Amino acid sequence: MSKRIEINDLDIYYGAFKAVEGVSIDIEPRAVTAFIGPSGCGKSTVLRSLNRMHEVIAGAYVDGEVLLDGANLYGPGVDPVNVRRQIGMVFQRPNPFPTMTIRENVLAGVLLNNRRMSRSDQDDLVERSLRGANLWNEVKDRLGVPGSGLSGGQQQRLCIARAIAVSPDVLLMDEPCSALDPISTLAIEDLIEELKTEYTIVIVTHNMQQASRVSDKTAFFNIAGTGKPGKLIEFDETAKIFSNPSVQSTEDYVSGRFG
Amino acid sequence: MTTTIAPSRTAQNPLTAGQLPPWAPWGLLGVSLLIGAAIAGLIAGASGSDFSVVIVGLVGFVLYLVSVTVVSQLIEGGRKAADRLVTGLVVGAFLLALIPLISLIVTVVVNGAARFDLQFFTWTMRNIVGEGGGVLHAIVGTVLVTLWAAIISVPVGIFTAIYLVEYGRGALAKAITFFVDVMTGIPSIVAGLFAYALFALFAGEGVRSGLGGAVALSLLMIPTVVRSTEEMLKLVPNDLREASLALGVPKWLTIAKVVLPTALAGIVTGVTLAIARVIGETAPLLIIAGFTTNMNYNVFDGRMMTLPVFAYNQYISPGVQEQAYFDRAWSAALVLILIVMILNIGARVIAHFFAPKSGR
């Protein structure tokens, strides 16, 4: 169920602008990898390039390769739709579909793709996914109400349930807790801890405590100045990044002496 | 033993300012209108003309604006005075805009009520000279022509808007946007001439058909549908598109099953308003759909009467019993207004039921 991602010398461009330069990371399966760094350093861009979501912006392209268990996501003839079916994503702001109920939101990956599924299989999938996202007990009695009626933290867990319902190999999370309160954040972090036994998880976060709490490995990105491309500064075990980093700027950033 | 003296409650609160009592503006308005009435009466008496309500309103309004501003300036200060002045101006403009609307509705209802009977809705004008007759053929014609106009322009308009919002990049999208803007300004008579020229190519000179009318109306309708649908699609948050794409849903399914349902309420409202906009068109239908006294259910062949053309025709060529023709024209206008009103109410009801539920 979970796969390894290798990023080899990846450059990402938005039109003529080079947003990220020379990133090489090995992302382990069944582990949490955190991307940290200042705003605008390209960590979200790198994350979105892992399931080709950055291509939604016109003019975006990459140079280099991203291998999912050896298969190049950017090889010739690769359909981004197939890539996204294997690499799910959770976004910064909770975005349940407003026209759908909680149940339909969880089933969105099935319903929107016009796949047929029996009623009982659907019920199983809804329960399994919502239990997986620690949301089942809170919503099991109101699966028929619109998903937008839930609280922010519940909506974000609903989005996680929606992402894992299509059984991806990898789960990408783009600052999943930045819009949430500490209690909801704790619930999501516990969930990440559980999910990593089954999925490869990559998380972008601005919260360094969060990175040190949930991740096994951490990548630190930085940018030399506005208009310059973001670069990977250091990638290592999380414990090492936060206690004894080998690059000075990493130490400055994680200890709060940056800038 | 010490006693603490509570600070005096009666001390001046530094946050207060002078205030006009709530009835003051109304009192000033009443006095202003009385003075206006007096002036109007004096003018009427001096010149021997009729008592003019317009003068009462005009003089009263100006006096009210001046007096309320001055009084408010003295008691409440400059900011409140400006507020009262602008409030007066805005309300005045609103009332001014209401006058033609109310006057139009009252006139049409009063004049149209004369023939607003059962026969009017069940008879055509076949073999009718003078009194009697009805507009059933015109109602059927209007409904059919507008329905076909909608059948032509709604798919074209919505697909164009989808292209512009979801796919269009570069020169082609810019060109389409430009030409849609140009189409918005096409005079309706030109649309009618275009439809006539188009159908004359196939069916020869002198062609008349309901479908031709529908084509002419759809020319006027398409830009409205494109514009309103485009605005509605742009309102759909990008988050939803990304959420769907990230689930491995292809782009066309994302548009069909996420973007369109989310914007559906607005699109339906826009389409209905576009229909309401073209249903009253007269000029193009006069040219291409023509007029007839007979029922015609076939849009593909033959002349077809419509309500606006019926009203025009009754008014412009009355027979010996003029009043019967004028009454029918007014009633036809009333029926048309009612149809447009029903469409608008329908759009609101549909928008209400299709709008995404908040669930709270």
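Given the structure is predicted, the values throughout are model-derived calculations rather than measurements. In the text below, chain A, chain B and the rest are named by the order of the sequence lines, each starting its count at 1. Because only heavy atoms are used, hydrogens play no part in the values below, and waters and symmetry mates are left out as well, while side chains stay in.
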Residue from A/R52, A/M100, A/Q86, A/R48 scoring the most non-hydrogen pairs under 4.5 Å with chain B is A/R48
Residue pairs meeting ring pair (Phe, Tyr, Trp, His ring centres under 6.0 Å), one or both in residues 51-108 of chain A, sequence neighbours left out, come to A/Y13-A/Y61
Turns out that what part of A/P80 lies under 4.5 Å from chain B's heavy atoms comes down to neither
Applying a strict 4.5 Å limit to non-hydrogen atoms, the region of A/L172 in contact with chain B is neither
One should read off an interatomic distance between B/E242 CD and A/R84 CZ, to the nearest 0.5 angstrom, of 9.5 Å
dist A/R85:CZ -> B/L247:CG (nearest 0.5 Å) comes out at 10.0 Å
Listed by number, the residues in residues 141-155 of chain B that come under 4.5 Å of chain A (heavy atom to heavy atom) are none
So [Y] and [X], do their side chains get closer than 4.5 Å, heavy atoms only?
X	Y	value
A/N113	B/L253	yes
A/T99	B/T262	yes
B/K257	A/N114	yes

*Should the heavy atoms of other residues, nucleotides or ligands under 6.0 Å from CD1 of A/I183 be counted, would the total exceed 12?*
no
Determine whether more than 12 heavy atoms belonging to other residues, nucleotides or ligands lie under 6.0 Å from atom CZ of A/F17.
yes
Taking all non-hydrogen atoms of both residues, which atom of [X] and which atom of [Y] are closest, and how far apart?
X	Y	result
A/P96	B/L240	O-CD2, 3.6 Å
B/A246	A/M89	CB-CB, 3.8 Å
B/P250	A/V81	CA-CG2, 3.8 Å

#### Entry: Side chain A/N95, main chain B/D239, donor-acceptor under 3.5 Å
yes
